[in-house]
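Atoms within a ligand are numbered from 1 in the order they appear, just like the ligands themselves.
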Amino acid sequence: MSTLIACHGCDLLVDVANLPDGSRAACPRCSHFLTRYRHDAISRALAYAVTASVFLVIANSFSFLSMSAGGLESAMTLPETALTLYRFGMWDLAILVAGFIVFVPALLLGLVLVICVPLYLGHPAPWLISAARLLYSIQEWSMVEVFLIGVVVSLVKLAQLADVQLGFSFWAYVAFSITFTLALTTLDRFQCWQMIEQVQKAAQP
Ligand SMILES: [Zn+2]
């Protein structure tokens, strides 16, 4: 099995064989991060992904934030953020918001689970290669942290106009974004492909 990795920064081929547990490799020429080896990366990623899935369900089920001003009160759930945009005729923006904050993260979590479960059990699965390829090609399209920063910035503005209360779902979404980011970063790209190759080689007669 090849242990050579091409640096994304400068294309230098680096041998990352025999990395100690918990250590990371960086390019000797440009210091670009290459890979991080952890013997329990799969079980960690699996635990983070399951936890993130629970938080995502909770984040979509309760009040995200509520506002009151001049005797009027309104509460909003996470799916309603996109639905409200749709009701105001901004259907294209509604699709983008729903896609980037709920559907793409949910798809990524699903992919992490379908990759990690067979790798954890040591059983090769026919979808491993296509699932890993899809995971690493759409990973950049998740805007979970961008959405959270946007919410915090708009809260500062809203607080001057109305009394804003953060709902249970807001905190669940914060917990989701942390566990979701940990699940994705724990499943190191190079190590994941190495493990897929190992599992498939071990199953060959
Ligand atoms: Zn480099």
Side-chain angles (χ1 to χ4, degrees), residues 1-53 55-56 96 99-101 103-150 152-153 174-204:
M1 200 170 358
S2 173
T3 51
L4 290 173
I5 182 168
C7 171
H8 279 271
C10 68
D11 282 340
L12 181 73
L13 275 180
V14 185
D15 193 352
V16 289
N18 305 321
L19 274 182
D21 188 22
S23 64
R24 46 191 284 159
C27 174
R29 186 155 67 188
C30 71
S31 305
H32 191 281
F33 169 77
L34 297 174
T35 181
R36 182 189 184 111
Y37 172 70
R38 264 200 183 124
H39 78 282
D40 58 352
I42 292 297
S43 48
R44 274 171 186 258
L46 197 55
Y48 288 136
V50 172
T51 315
S53 308
F55 281 130
L56 185 61
L96 288 175
F100 289 141
I101 67 170
F103 294 116
V104 173
L107 174 66
L108 287 169
L109 274 183
L111 288 169
V112 171
L113 290 173
V114 298
I115 292 167
C116 285
V117 171
L119 290 181
Y120 182 73
L121 298 172
H123 294 312
W127 59 79
L128 272 177
I129 289 178
S130 38
R133 201 179 287 154
L134 184 61
L135 172 72
Y136 293 113
S137 58
I138 62 166
Q139 208 171 6
E140 285 80 21
W141 288 99
S142 161
M143 307 273 172
V144 171
E145 58 289 328
V146 179
F147 172 70
L148 265 184
I149 293 167
V152 172
V153 171
V174 171
F176 158 73
S177 62
I178 294 168
T179 44
F180 172 75
T181 309
L182 283 169
L184 290 183
T185 49
T186 308
L187 197 63
D188 181 88
R189 188 184 187 133
F190 179 75
Q191 302 298 336
C192 178
W193 282 113
Q194 292 281 95
M195 276 180 276
I196 291 174
E197 206 178 329
Q198 257 172 25
V199 164
Q200 287 189 325
K201 270 197 180 155
Q204 276 168 8

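- The closest side-chain heavy-atom distance from Leu107 to Trp141 is not below 4.5 Å.
- In this structure, SG of Cys27 and SG of Cys10 enclose an angle of 110° at the Zn ion (ligand 1), rounded to 10°.
- Residue side and main chain included, His32 places no N/O/S atom under 2.8 Å of the Zn ion (ligand 1).
- For Cys7, the nearest N, O or S atom to the Zn ion (ligand 1) falls under 2.8 Å.
- Taken to the nearest 0.5 Å, the OG1 atom of Thr179 stands 9.0 Å off from the CG atom of Leu56.
- Using a 4.5 Å heavy-atom threshold, the side chains of Trp127 and Ile115 count as separate.
- Looking at Asp21, its side chain does come within 3.5 Å of a backbone N or O of His39 through a donor-acceptor pair.
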